[in-house]
Each structure stands twice: as structure tokens, then as C-alpha cells.
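Okay, so here's the structure we're looking at.
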Amino acid sequence: MRNTIVLLLAGALVFHCSILRAQDEGAKLSAGDVDAYLKVENVRALAAARRMFVRDPAGKERLEKAGQQAIKDAGLTEERWGEIEFNVVNVADAINGLERGGDDAVNAKETLAATPKESIAVVKARLKEISDRSGREKSAQTQARAEYDAERRGTPPEAAKLLGTWKFDIDKTVEALASGMDAETKKKLHDDMGKAGNPSYTFGAGNSIVTEMTAAGGNKRIDKGTYRLDGNSLFVKGEGRQRESQITVGMKNDSLVISMMGVQMFFAKQ
């Protein structure tokens with residue numbers, strides 16, 4: 001018990017000394033320090049946002065280390081980063097506190113009085129960016145969502161490469177849908193997908209399209225029509241119909257990916 005208390009006290013003293021050191025150095029900051037702070041914070045925000053869309057444990061672990069890598073990329077040690085982070089936040093809070101007035105202003109004046117004018121200037125020059133944490137998080141979430149959606153869609157297919165017959169690839173579809181899940185879950189999903197009717201799409205000359213599906217009871221359903229491509233959007237008009245239906249398509253490696261109702265289905269060219 002005594003050893004535990006001693007260790008806790010020692011840890012607290014080290015932490016306290018690191019803060020005192022940052023304070024004793026008078027919050028010395030350069031424009032480069034502030035730039036490094038914002039770069040690392042942006043990397044951290046983006047990594048946190050990307051983790052929301054990653055199911056793979058290894059992928060999540062890589063993202064958790066993104067902040068540490070950003071610190072190294074900036075040429076900083078963990079100790080120096082801790083000083084920069086503490087001082088940037090401390091000075092920015094003091095400047096904002098001075099503007100708010102009241103008790104906040106009293107404490108802010110004490111902090112700023114002990115801070116070099118040059119340090120105050122470099123923080124004030126980018127105060128809006130430093131203080132806008134919610135803005136960083138929102139921007140990161142928007143970027144992460146856009147990346148996720150683009151990855152799911154795949155690259156827009158080229159009309160020439162689309163020609164031919166594409167059959168449902170159940171194995172790739174299950175692997176994509178059940179990434180990170182256990183073998184039993186994947187098997188169940190595979191069995192369920194096997195009842196999907198084994199659909200296929202045939203893209204022909206003159207923008208013709210034929211879809212085939214084996215319905216319950218073994219009866220084949222064949223639909224014909226025309227199509228047109230617009231980026232990742234495939235517009236299909238069935239025979240005798242005036243209106244088009246739209247589905248999202250993309251290429252991932254050699255597979256055609258068709259997304260419907262939030263579900264990705266992979267197709268292999270025959």
C-alpha cells in the first residue's frame with residue numbers, strides 16, 4: 001500500500017513539474033509551434049471521425065496512433081508537444097477570458113502578464129482556429145463521411161468496361177458486409193444471400209441492359225431496357241416505361257459494385 005502511494009505521489013510530482021516547466025518558460029511559443037499544434041489537432045480530429053466508419057480492429061488501432069505519428073512528423077518529442085499543447089491552450093483561454101470579462105478576465109490578466117508578447121501575438125493571430133474545436137470536429141466528420149461514401153461507391157465505371165455480363169459474387173459481397181465479424185455470422189449471411197436469386201446484369205450495345213434473377217420456385221425473371229451512365233449513377237429505363245430508376249454503381253478492382261438501399265452487392269464479369 002505504501003509503495004503504491006509513493007508511486008502515485010511520484011507520478012503526480014512529475015506531471016506537476018512538467019506543467020511548472022511549461023509555465024516557467026513563460027509560455028514561449030513561435031508561429032511554427034502554433035502551426036504544429038493545429039496540424040496535430042486536425043489529424044486527431046480526422047482520425048477520430050474516421051474511426052466511426054472503421055469496423056476492422058487493426059484499422060481502428062492505426063487511427064488511434066495517428067496523433068502520435070503527427071507529432072513525430074512535426075519533428076517534436078512527446079515532451080515538447082505536451083509543452084506546446086499546454087501553452088497554446090492556456091494562452092488562447094486567457095485571451096478569450098479577457099474578452100469575456102468578469103472573473104475570467106482577472107485570471108486571464110495574470111496569465112497574460114507572465115506570457116511573452118511574441119507568444120500572445122502568434123496565438124492571437126490564429127485564435128479563431130485554435131478556439132474552434134467544434135468546427136474542426138465538424139469539418140473532420142464531413143471529410144470522413146465523404147471518404148467513406150466514395151470508398152463504398154468505388155470509382156465511376158467506364159462505359160466500355162461495363163459491357164458484358166456481370167454475375168452476383170456472393171463471396172465478395174459477404175466479405176464486405178461482414179468484415180470483422182465471426183465465421184458463424186458470415187456463414188449465416190452467406191446462406192441468406194444464397195436466397196437472393198443469383199442476379200446478373202448484361203450491358204450490351206446501344207445502351208441495352210438485361211437483368212436476370214431466379215425467383216422462388218426456380219422461375220427465371222428477365223427484364224430488358226436501356227441505361228445511361230453519369231459518374232457513379234446508373235439510370236435504367238425498363239421496356240415500355242417512361243420513367244428511369246437510379247442505382248449507384250462503382251468499380252472496385254475487377255468487381256462491379258451495385259448499391260441499393262444501403263447494401264453493397266459485388267458482381268464478377270463473366
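None of the values given here were measured: they were computed from a predicted structure. Positions are given from 1, in the same order as the sequence printed here.
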**Prompt:** Is it the case that Q143 and E147 place a side-chain donor and acceptor less than 3.5 Å from each other?
**Reply:** yes
**Complete:** Rounded to the nearest 0.5 angstrom, the CD1-OG1 distance for I209 and T226 is 9.0 Å
**Request:** List the steps and the verdict of side chain to side chain donor-acceptor pair (under 3.5 Å) for Q246 and S233.
**Result:** CA-CA 7 Å; Q246 178 186 352; S233 295; 3.0 Å; yes
**Item:** Under-4.0 Å salt bridge between E129 and R126
**Value:** yes
**Prompt:** Pick one: which of V91, D93, L98 meets side chain to side chain contact (heavy atoms under 4.5 Å, CB included) with I95?
**Reply:** V91
**Asked** Is the closest basic N to carboxylate O distance between K39 and D73 below 4.0 Å?
**Response** no
**Message:** Check this for me: does any side-chain nitrogen of one of K186 and D182 sit under 4.0 Å from a carboxylate oxygen of the other?
**Reply:** no
**Asked** Is a salt bridge present between K124 and E99, judged by a nitrogen-to-oxygen distance below 4.0 Å?
**Response** no
**Message:** Through direct or indirect side-chain contacts below 4.5 angstrom among Ile, Leu, Val, Met, Phe, Trp and Tyr, which residues connect to L63?
**Reply:** V54
**Asked** With a 4.0 Å cut-off, would you call E184 and K187 a salt bridge?
**Response** no
**Test: R136 and D132 ion pair at under 4.0 Å** = no
**Basic-acidic side-chain contact under 4.0 Å: K28, E118** = no
**Item:** Cluster companions of V257 among Ile, Leu, Val, Met, Phe, Trp, Tyr (side-chain spacing under 4.5 Å)
**Value:** F266
**Prompt:** For the residue pair I130 and A92, what are the closest heavy atoms and their distance?
**Reply:** CG2-CB, 3.8 Å
**Request:** Mind checking side-chain contact (heavy atoms from CB on, under 4.5 Å) for R100 and listing every partner two or more places apart, or none if nothing turns up?
**Result:** N96, D104
**Residue pair T165 / K269, side-chain donor-acceptor N/O under 3.5 Å** = no
**Asked** Is the gap between the ring centers of F235 and Y227 under 6.0 Å?
**Response** no
**Asked** Is it true that E64 and K60 make a salt bridge, defined as a side-chain N closer than 4.0 Å to a carboxylate O?
**Response** no
